Novice: 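Handing you this structure, nothing more for now.
Computed from a predicted structure; not experimentally measured. Order of the sequence lines sets the chain letters (A, B, ...), proteins ahead of strands, with each chain counted from 1.
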Amino acid sequence: MALSEHQERRLEKLRELRSQGIDPYPPRSHRTHTAQEALDRFASVEDGLGGEHDSEPVTVAGRIMTIRDMGRSIFCTLQDGSGSIQLFLRRNDLGEEAHTWFKRMIDMGDFVEATGHLFRTRMGEITVQASEVKLLSKALTPPPEKWHGLSDVETRYRQRYADLISNEEVRDIFIKRTKVVRAMRSFLDSRGFMEVETPTLQPLYGGAAARPFTSHYHTLDQTFYLRIADELYLKRLIVGGFERVYEICKDFRNEGIDGRHSPEFTMIEFYIAYADYNDVMELTEQMIVHCAQEALGTTSFTYAGHEIDLTPPWPRVTLRQALLDATGIDYLEVRDQKELYEEAKRLGADVQPADVWPRIVDELMKTFVRPNLIQPTFLIDYPVALSPLAKRSPDNPEVVERFQPFIAGVEAGNAFTELNDPLDQLSRFLEQVRDREAGDEDAMPIDEDYVNALMHGMPPTGGFGLGVDRLVMLFTDQQNIREVILFPHLRTKTTGLGLADALEPHISS
RNA sequence: GAGCCCGUAGCUCAGUUGGCAGAGCAACUGACUUUUAAUCAGUGGGUCCUGGGUUCGAGUCCCAGCGGGCUCACCA
């Protein structure tokens with residue numbers, strides 16, 4: 001890619017600045033106020049000014065977003081991390097030389113620093129009347145169009161910096177995302193949880209049903225997998241005596257990409273000793289409400305046109321009952337795969353004759369139950385075959401103590417009373433091995449060290465996992481997961497940007 | 001992996017039946033001392049994603065490829 005006319009022109013200005021002895025990239029700024037602080041300051045002193053300028057000068061700094069050149073006076077919008085403030089640059093204030101220099105050398109996108117007195121314009125906008133202005137950083141590429149911004153989805157994802165510069169809504173999404181994560185930490189920290197770090201590179205993956213990414217460690221000449229979940233490591237820590245642990249980290253699953261799945265996504269998992277899934281359910285409600293309160297300032301929001309109200313308590317419905325109500329099928333009665341398949345087929349579910357029994361149950365839930373769970377609802381008590389790490393219900397060994405919260409039809413977590421019986425755990429692993437041999441690539445491998453950990457004794461424990469990206473999607477009303485991931489994965493372009501060749505002639509020294 | 005749609009100036013987008021490549025913003029020249037997408041007058045700017053093909057003539061039609069989006073499949 002050759003340089004654009006705009007870039008060439010700015011490179012010329014760069015040379016000219018240097019020849020004037022001006023460093024286009026000085027090492028530091030001397031701002032005294034952020035844009036917001038300057039606005040706040042003026043608002044607080046304005047009443048005593050009697051229409052005059054604030055007598056105390058301020059220095060603000062930021063990126064020039066717009067320039068309105070009126071001849072002997074210029075208005076600019078200066079944007080920094082706190083917001084934006086208007087600059088008023090008069091020839092009489094700056095002096096003719098500096099005024100002309102500004103017009104000649106400063107472009108939209110440049111970072112500048114301006115010193116002057118605050119006042120309110122006739123149009124009512126709080127403004128810095130600059131008596132001094134200095135270049136802080138020359139932008140060689142112009143910003144996207146000021147009115148429509150950058151809207152090409154591919155460019156927005158590949159060049160997120162440009163997206164963030166021009167689209168305020170995008171910035172807001174990621175600010176909310178940060179608040180959600182911060183709220184999770186503060187919620188758990190204040191309840192005696194310990195944040196821990198477990199391996200990303202694992203010799204054996206587990207804790208979820210998914211295909212892993214595979215890597216190779218040269219020094220050990222050994223295959224490593226990128227984690228698909230941190231569950232098994234966190235429970236080893238419960239065995240070790242930590243009673244409340246959590247981790248927020250990236251998990252990696254080698255599967256398709258679509259609007260709801262990213263191969264690399266953020267997961268929060270927590271585990272509590274001496275708690276069961278009922279305790280975890282209460283904590284989950286509280287945590288999600290806390291996150292909404294901290295990120296949105298409210299517990300109600302709109303997702304995909306649905307008005308969602310998070311006010312607890314959320315209804316708890318057994319999966320068995322929900323399926324019974326929606327389809328008339330009682331999965332505890334229909335134990336035969338063929339019979340269940342026929343029933344599901346008759347109802348119009350997308351099932352294949354070869355689908356295993358638990359998969360058909362799952363499909364029935366996704367088709368007939370999940371889309372109707374608009375207001376927050378806990379679906380509880382799942383078939384054991386769907387949950388190899390969860391503890392069986394004392395009332396029915398075919399059912400495990402597991403729940404999933406659903407909000408706006410979106411799965412907002414997964415949790416259960418943890419299986420701490422090493423022999424039962426081993427038999428579940430063996431079941432997974434049989435599934436794998438039957439062709440299920442997502443089935444978990446047997447983890448003997450994990451069984452060994454359980455043999456040391458694990459207290460009754462409740463555990464929880466939640467895809468952070470999904471929760472942020474809910475809170476920001478985004479239907480595509482890439483809108484809540486700063487740098488989503490896209491296919492790498494074979495042709496580079498060509499900048500190295502294009503810019504090389506412009507390197508001085 | 002399949003189907004459908006998209007790719008035109010730095011950005012946002014038009015482009016009719018196949019007939020000289022267009023607009024707004026941005027840039028450049030000039031005017032303007034309180035503007036708010038400032039305004040006004042003028043000027044320059046294109047690998048129409050890439051490669052083939054059809055045609056007197058292709059941004060437009062056909063084929064292949066590349067990249068992206070949506071839907072489906074896959075995905076506790």
Novice: Rounded to whole angstrom units, what separation is found between the CD1 atom of A/Ile228 and the C1' atom of B/rC75?
Specialist: 12 Å
Novice: To the side chain of A/Ser4, which of B/rU12, B/rU35, B/rG10 is closest?
Specialist: B/rG10
Novice: With rounding to whole Å, what would you report as the distance between B/rG3 and B/rU43 at their P atoms?
Specialist: 50 Å
Novice: Is A/Phe119 touching bases, backbone alone, or none of the nucleic acid, heavy atoms closer than 4.0 Å?
Specialist: base
Novice: Under 4.0 Å from OP1 or OP2 of B/rA27: is there any side-chain N or O of A/Lys13 that close?
Specialist: no
Novice: Using a cut-off of strictly less than 4.0 Å, decide whether A/Arg9 has a side-chain nitrogen or oxygen near OP1 or OP2 of B/rG10.
Specialist: no
Novice: Under 4.0 Å between a side-chain N or O of A/Arg158 and OP1 or OP2 of B/rG68?
Specialist: yes
Novice: Nearest whole angstrom, please: distance from the C1' of B/rC28 to the NZ of A/Lys103.
Specialist: 14 Å
Novice: Search all heavy atoms of A/His99 against all heavy atoms of A/Ile74 and return the closest pair with its distance.
Specialist: NE2-CD1, 3.7 Å
Novice: Using whole Å, report how far CZ of A/Arg482 lies from C1' of B/rG69.
Specialist: 9 Å
Novice: Ignoring backbone atoms, establish whether A/Asn480 has a side-chain N or O less than 4.0 Å from OP1 or OP2 of B/rC70.
Specialist: yes
Novice: Determine the contact category for A/Ile74: base if any of its heavy atoms lies under 4.0 Å from a base atom, sugar-phosphate if only primed atoms, P, OP1 or OP2 are that close, otherwise nothing.
Specialist: nothing
Novice: Is A/Arg63 positioned over the aromatic face of A/Phe111, cation under 6.0 angstrom from the ring centre and no more than 45 degrees off axis?
Specialist: no
Novice: Applying side-chain hydrogen bond (donor to acceptor under 3.5 Å, both in side chains), can you list everything that pairs with A/Glu398, at least two apart in sequence or on another chain?
Specialist: A/Arg335
Novice: Please measure how far the C1' atom in B/rC20 lies from the corresponding atom in B/rU60, and state the result in whole Å.
Specialist: 15 Å
Novice: When rounded to the nearest Å, what value does the distance between C1' atoms of B/rG53 and B/rG57 take?
Specialist: 15 Å
Novice: Are the side chains of A/Leu17 and A/Trp101 in touch, meaning some heavy atoms are under 4.5 Å apart?
Specialist: yes
Novice: Here's a test of your reading of the structure: between A/His53 and A/Lys146, which maps to the more 5' nucleotide of RNA chain B?
Specialist: A/His53
Novice: Could you give the distance separating B/rA14 and B/rG46 at their C1' atoms, to the nearest angstrom?
Specialist: 15 Å
Novice: What's A/Asp258 touching, base or sugar-phosphate or nothing? Going by heavy atoms closer than 4.0 Å.
Specialist: base
Novice: NA contact type, A/Gly259, heavy-atom cut-off 4.0 Å: base, sugar-phosphate, or nothing?
Specialist: nothing
Novice: Which label fits A/Phe119 and A/Phe88: parallel for a plane angle under 30°, tilted from 30 to 60°, or perpendicular past 60°?
Specialist: tilted
Novice: Do the side-chain N or O atoms of A/Ser151 get closer than 4.0 angstrom to the phosphate oxygens (OP1, OP2) of B/rC13?
Specialist: yes
Novice: Please state how far atom CD in A/Gln86 lies from atom P in B/rU34, giving the value in whole angstrom units.
Specialist: 12 Å
Novice: Using atom C1' in both nucleotides, what's the gap between B/rU54 and B/rG45 to the nearest angstrom?
Specialist: 33 Å
Novice: Rounded to the nearest Å, what distance is computed from the CE atom of residue A/Met267 to the P atom of nucleotide B/rA76?
Specialist: 12 Å
Novice: Return no unless some side-chain N or O of A/Arg91 is found under 4.0 Å from OP1 or OP2 of B/rU33.
Specialist: no
Novice: Under 4.0 Å between any heavy atoms, over every strand shown, what does A/Gly109 touch: base, sugar-phosphate, or nothing? Just pick one.
Specialist: nothing
Novice: Looking across every strand, which nucleic acid part, if any, lies under 4.0 Å from A/Asp350 by heavy atom: base, sugar-phosphate, or nothing?
Specialist: sugar-phosphate
Novice: Using a heavy-atom cut-off of under 4.0 Å over every strand shown, decide if A/Glu145 touches base, sugar-phosphate, or nothing.
Specialist: base
Novice: So, is A/Arg68 close to the B/rA38 phosphate, meaning a side-chain N or O under 4.0 Å from OP1 or OP2?
Specialist: yes
Novice: Pick the P atom in B/rA26 and in B/rA37, then give their distance to the nearest Å.
Specialist: 12 Å
Novice: List in chain and number order the residues that pass ring pair (Phe, Tyr, Trp, His ring centres under 6.0 Å) with A/Phe416, two or more places apart in sequence or in another chain; answer none if no residue qualifies.
Specialist: none
Novice: If B/rG3 has a Watson-Crick or G-U wobble mate with both distances under 3.5 Å, name it; if not, just say none.
Specialist: B/rC70
Novice: B/rC74, OP1 or OP2 - any side-chain N/O from A/Arg359 closer than 4.0 Å?
Specialist: yes
Novice: Roughly how many Å is it from CZ in A/Arg104 to P in B/rC28, rounded to a whole number?
Specialist: 10 Å
Novice: Looking at every strand, decide which applies to A/Arg156 at a 4.0 Å heavy-atom threshold: base, sugar-phosphate, or nothing.
Specialist: nothing
Novice: When you compare B/rU8 with B/rG68, how far apart are their P atoms, in angstrom units rounded to a whole number?
Specialist: 15 Å
